[in-house]
Amino acid sequence: MSQNEARYTVRSLIMTAVVAVIGTVLVLEVSGKIDHPVNKDHVPVGDFKAIHITEGETFRMSPKASELHAVCENGYLAIAADVDPAFRGILVDYKNRGVRCRRPSPTGPSVPRQPERLDSNE
């Protein structure tokens with residue numbers, strides 16, 4: 001090989017690639033193309049899937065419990081974290097429709113009512 005053919009070393013090529021990636025991220029950050037949401041209201045709590053269970057068929061599930069629990073909020077299923085129960089999210093399907101936690105009555109109202117609370121003085 002002549003000296004003109006061996007211009008770049010492997011080390012210089014790797015350094016060029018690293019600098020290019022860092023430079024790209026910095027330019028995207030400065031130009032505002034990378035979004036860092038401050039409002040956490042629409043952040044997904046988790047990713048879930050349903051397991052279809054038929055009678056007599058076994059399925060495998062982890063013996064370790066999740067760090068989430070479900071509660072019924074205004075007739076819809078909400079998922080809350082065990083460590084922070086105030087952090088809740090309504091479970092929705094792929095079309096962003098809420099998953100009900102009880103079946104509505106065919107003659108009842110379309111929107112579930114809040115349960116009435118009894119006064120502690122009575």
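By convention here, the first residue in the shown sequence is residue 1. No hydrogens, no waters, no symmetry mates; every other heavy atom, side chains included, goes into these values.
With contacts defined as side-chain heavy-atom distances shorter than 4.5 Å, the pair Val71/Arg88 qualifies. Within the 4.5 Å cutoff, side-chain heavy atoms of Asp82 are placed close to those of His69.
Put simply, the side chain of Ser12 never gets that close to the backbone of Tyr8: no donor and acceptor are under 3.5 Å apart.
Clustering ILVMFWY residues whenever any of their side-chain heavy atoms sit less than 4.5 angstrom apart, transitively, puts Val18 in the very cluster that holds Leu26.
Leu68 and Ala81 get closest at one heavy-atom pair: CD2-CA, 3.7 Å. Shortest non-hydrogen contact noted between Ile79 and Ala70 is CD1-CB, 4.1 Å.
The distance from atom CD1 of Ile90 to atom CG of Asn96, rounded to the nearest 0.5 Å, is 11.5 Å. Here the CZ-OG1 distance, from Arg11 to Thr16, works out to 12.0 Å after rounding to the nearest 0.5 Å. Distance check: Met61 CE to Ile53 CD1 gives 8.0 Å after rounding to the nearest 0.5 Å. Between Leu28 atom CG and Ile34 atom CD1 the span is 5.0 Å, to the nearest 0.5 Å.
Remark: Arg97 CZ is packed, more than 12 non-hydrogen atoms of other residues, nucleotides or ligands lying under 6.0 Å away.
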